[in-house]
Amino acid sequence: MYSPADAETDVLARWDEANAFAVEPTTDPDEPTYSIVIPPPNVTAALHLGHALNNTLQDVLTRYHRMRGDRTLWMPGTDHAGIATQTVVEKRLLSQGIKRLDMGREAFVEKTQEWKDEYETVILEQLKALGASCDYDRTRFTMDDVCATAVRHAFFTLFQDGLIYRGKRLVNWDPVTRTALADDEVEMEEVEGHMWYLRYPLADGSGHVVVATTRPETMLGDTGVAVNPNDPQADAVRGKEVLLPIVGRTIPIVEDDYVVMADPEGEAKARIASGFLKVTPAHDPNDWDIGLRHDLEVINVMGPDGGITDKYGWTDVSDEARQFVGMSREDARTAIVAWFEANGLLEKVIDYSHSVGHSYRSHVPIEPWLSDQWYVAVTDDRLRGSALRAQAADQAGEVPEGVTPPGDTPGDGALRFMPPRYARSYHSWHENIRDWCISRQLWWGHQIPVWNRTVSVADASPEITAALDGAGVDQARPVESSWVSAGAAHLVRLVTEDEIEESVCVPPASSLGRLERADTSMDEPQLVAALEADGYVRDPDVLDTWFSSGLWPMSTMGWPWPEDFPETVGLLDSFNPTSLLTTAREIITLWVSRMVMFNRYFMDGQLPFQDVFIHAMIQDGHGQKMSKSLGNGVDPRDIIHTHGADAMRFSLAQMTTDTQDLRMPVDTICPHTGEAFTPEFIITAAGHTVAAPIQQSPAGDGRTMVSLYGVATGQVEPTDDQPLARNTSAKFDVGRNFANKVWNATRFALGSIEADAPAEPVAVADTAFVDRWILSRLAETTATIDNALGEYHFNVYADTLYHFVWNDFCDNYLEAIKPTVRDTPEQQVVLGTVLDAILRLMHPVCPFVTEALWPAVSAARIGTIAGVDLPESPLVVNATWPSIDGAVIDSSAAETFDRAHNLATEIRRLRAQREVKPKQRITIHVDDQVGGLISDAGGMVETLAGVGTVASANEELPQVSSAIAFEGSQVIVSDLVDEVDVGAEAERLDKAIADLEGQIKNLEGRLSNEGYVNNAKPELVQESRDQLVAKQADLEVAQAARAALD
RNA sequence: GGGCGUUUAGCUCAGUUGGCUAGAGCAUCUCGUUUACACCGAGAGGGUCGGGGGUUCAAGUCCCUCAACGCCCA
């Protein structure tokens, strides 16, 4: 039995000792290279099964290309994952009673660093355990010095080029983590809520209007009511004002065709509309736009925690409104609705389900909130346009209007998605893109390298006044100042009518030293000191994690100054663009797009990667995404422990098809007995099917255990009597069995090779029939695998390999050669050769078992075969991929094999039906035609079917026998049993006859159809005719045998 | 609301340009412990390819339509 744990430990040590994954850049531009940068896992937690899948696919390709002789780099690393990591660290500290704000920024970052170190170690160990053949000496982290330099240089360059700006905007605010989020970090969720219809009295006392809202609490910040100008209701209120209840604010009624008119017969929205829309520019993005169009006031009534407050711009708080200040947004909603009801201003309430943006981190509803944030102008043609121009024309078509079409820039039209349909997702996302908010109100991350100060318009210098000439509030302008002479970049903008914000971006020291600048008197620390002496304060915010991830294919290779980090010199030239990015589809916008924009912008149009492979999502047996909170995940470490890394890898690769998400029924492992069983499922309130918190042991002895779901939701705690049950999945058994099969087949084969090596390479033509056949199958298999991997058809690779090894090699070849191999040196050469090639072909997906077997196979091999090139290598990881001459493919051997195998199967079926003991040798009586086939097959039929004697049908036939129809000949089988069971025999033949008659009827029907005979391809028609003849012959044989029984 | 994907054996999935009696693994049933492997071998049973309509000599495959499930975008 193959023991993965022992083999894996040993093999890892050998790879490590040989430094087997290390690679140096090449200076030869013609040398083929292959490179992948790992999608850096977040340092928030250990790797899950999705990572195992993604990294398996990358490793399969990496190992394949390494063996093909490409200079191959797989660059590993991890991501600091700003908001995600900060959230988990804060949670952990809070459980110890420590608050982030109490400990201060520096101490908190230090704590987070400790967490990062811990999980980075776990992750890298997991990658190694998985067999990932990364060049670990090059491991990067998105916040290490190399990456930090890249981030600062990129930020500075974009800032200087006018592609980064600061503005006061409505952002997606997460009130729990208290930071802004980018648009694509917001997840829409359907929420069962209400639509409230509120009466707003007209200021002139002439009645009221009814506004419909899902968010009554924001009414405190209303600064207008809007109506559609085409709405008949508009005439009555044109030019009027409304007296805002509670607040007492007088606000205008404006006309805007954004407003949906009420229409009971219309679309869903019109049916619930009242025709009047309350406008809250500070708390709704659409209202913000309406406010801009009608010059409405912006009144912010909420704080960063989402609660009602007068601290952020709300100045006209009335006595009546005072009671709501300090409430949470949820409480305020209830209280305000109650107020309207109590005052007779609540018209009605209806149930209403609508989608609400939620934070992808904290999962609470997003609050549109007004604040100053930094943006990358990704809508600029230099970024968005470049991302669109990168797309292969046959995948995405034309660029949208307003975008410069592709030209001669390197990288234009070279980006390909696989499966191709994702090219369209990428394309349409860029059509509707908005500027990218990159500032995050966090402590863990790259702090924004900008120093700000505010000056009054009156005190502004002449350059600033000149720069701002004609600029409105919130419009940033570059300014030529002494800071610019000293190497920094300088932006100014009006934050209000009379206040100016100055922002100075300082490049990293290494860039500053290389810049051409008028004033070289200050280095970077001095420049910063000078700024701070002048009243500038560094922006406390950090950058969105994806800003540094977006630079990953460059930063890991030493960009922008590789010479400062000697180990990175040459990497960009050799390995960027990388060959492939594999990732899940949810990352296309967050990450793929940004890497394309950045790499192209900073590297003269060059792509970060040529191909993007989007892999499947792993779901549980009920089609639900695996997640911690549902407790339906499978830990890769558990699978490596129970099945082995190769088993996990093989199974995952085999499940990777173009179209399907992977559905993986999850079983529970009983901690008492170690047995895997299907747990009892319950359905949660949210409609998820999950393992019940407490499960009974399948042993049926009343012992119990708690499920991962139970623990994740805090419903149960594991105890000694009732321990936690881990998950597994029977899906991995295939891989485990396969590794075991190879292990045992190799042990057997090695014991059969003992001859001295023939002096000359063996010529294929001189070998036995089965040898020619298996070599032919080897050549075909290799070609199929090459095609499959070239097209990222991982399941085809795995299935082809499995079929070749298990069926062709083990079931047929090894069985067929058993009687001859020990006395046939040439056959031993073939056996050793095929075995060696199998280990190579299998290595990319099952690196451990192949490496573990490699020394023994290498040592046992004798001789070589002409046309099959398998040079020796101390390790299979660095061995060459099999190179097999096309002439080895022998189609006549393949055909003879198929016929002989069919004959053996017919005989075996008969044996099984008559329950003949395996040891029993039988006798068959055949005509010349079948005799010829048996002779051509060189003993294979006899061996596989347990035939002791092949006699001629012309000789006298035994009394006790059975007949088989085969290719129109009668094969008489005897020595099966002592007596013929006439009933069983008749039943068998009747079934065969019925079967043949069905087929004949089918063929006759087809051939009597004129349309078929006239229209189908002639060779197809001829084939049908031949088949008909053959089946009819078989039928006659079977009928004759049946008649003989009566 | 727009887009994409899926629906094939009890389960998990293959099925390239339409063309042999629709395949595999697991599960089930029968037989077998033949010194590589019971994580095994030999054999068997099991599918009107989600429903309906159409094109065609021929449809799992192409077109239309309906339904269910999943994902993305608004």
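So that the names make sense, note that chain A is the first sequence line, chain B the second, and so on, each numbered from 1. All values derive from a computational prediction rather than experimental measurement.
When each of B:C37, B:C57, B:C40 is scored by its nearest atom to the side-chain atoms of A:Ala1016, the top-ranked nucleotide is B:C57. Across B:C37, B:U12, B:C4, the shortest atom-to-atom separation from the side chain of A:Lys741 is found for B:C37. The side chain of A:Arg424 lies closest to B:G3 when the candidates are B:G3, B:C57, B:C11. Closest approach to the A:Gln619 side chain among B:G70, B:C39, B:C4 is made by B:G70 (side chain taken as heavy atoms from C-beta onward). For A:Leu814, counting side-chain heavy atoms from C-beta on, the closest listed nucleotide (B:A36, B:C40, B:C20) is B:A36.
Rounded to whole Å, the distance from CG on A:Asp811 to C1' on B:A36 is 12 Å. Atom-to-atom, CG of A:Asp661 to P of B:G70 comes out at 12 Å; the value is rounded to the nearest Å. Remark: C1' of B:C26 and CG of A:Asp667 are 12 Å apart, rounded to the nearest angstrom. Rounded to a whole Å, the CG atom of A:Asn795 is 14 Å from the C1' atom of B:G23.
Note: A:Tyr797 and A:His793 fail the aromatic proximity criterion, with ring centroids not under 6.0 Å apart.
Residue-environment remark: CD (A:Glu987) stays at or below the threshold of 12 foreign heavy atoms within 6.0 Å.
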Considering only nitrogen or oxygen atoms on both sides, find all protein atoms under 3.5 Å from nucleotides 43-48 of chain B and state each distance.
| unit_1 | atom_1 | unit_2 | atom_2 | d |
| --- | --- | --- | --- | --- |
| B:A44 | OP1 | A:Arg909 | NE | 2.7 |
| B:A44 | OP1 | A:Arg909 | NH2 | 3.1 |

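No donor-acceptor contact under 3.5 Å links the side chain of A:Glu1010 to the base of B:C57.
In RNA chain B, runs of at least 3 stacked Watson-Crick or G-U pairs (N1-N3 plus N6-O4 or O6-N4, or N1-O2 plus O6-N3, all under 3.5 Å) give these stems: B:1-7 with B:67-73, B:10-13 with B:23-26, B:28-32 with B:40-44, B:50-54 with B:62-66.
Residues satisfying the salt bridge (Lys or Arg N to Asp or Glu O under 4.0 Å) test with A:Lys991, not counting sequence neighbours, are none.
Atom CG of A:Leu944 and atom CD1 of A:Ile907 lie 10.0 Å apart (nearest 0.5 Å).
Between A:Glu985 and A:Arg914 there is a salt bridge, with a side-chain nitrogen of the basic residue lying less than 4.0 Å from a carboxylate oxygen of the acidic one.
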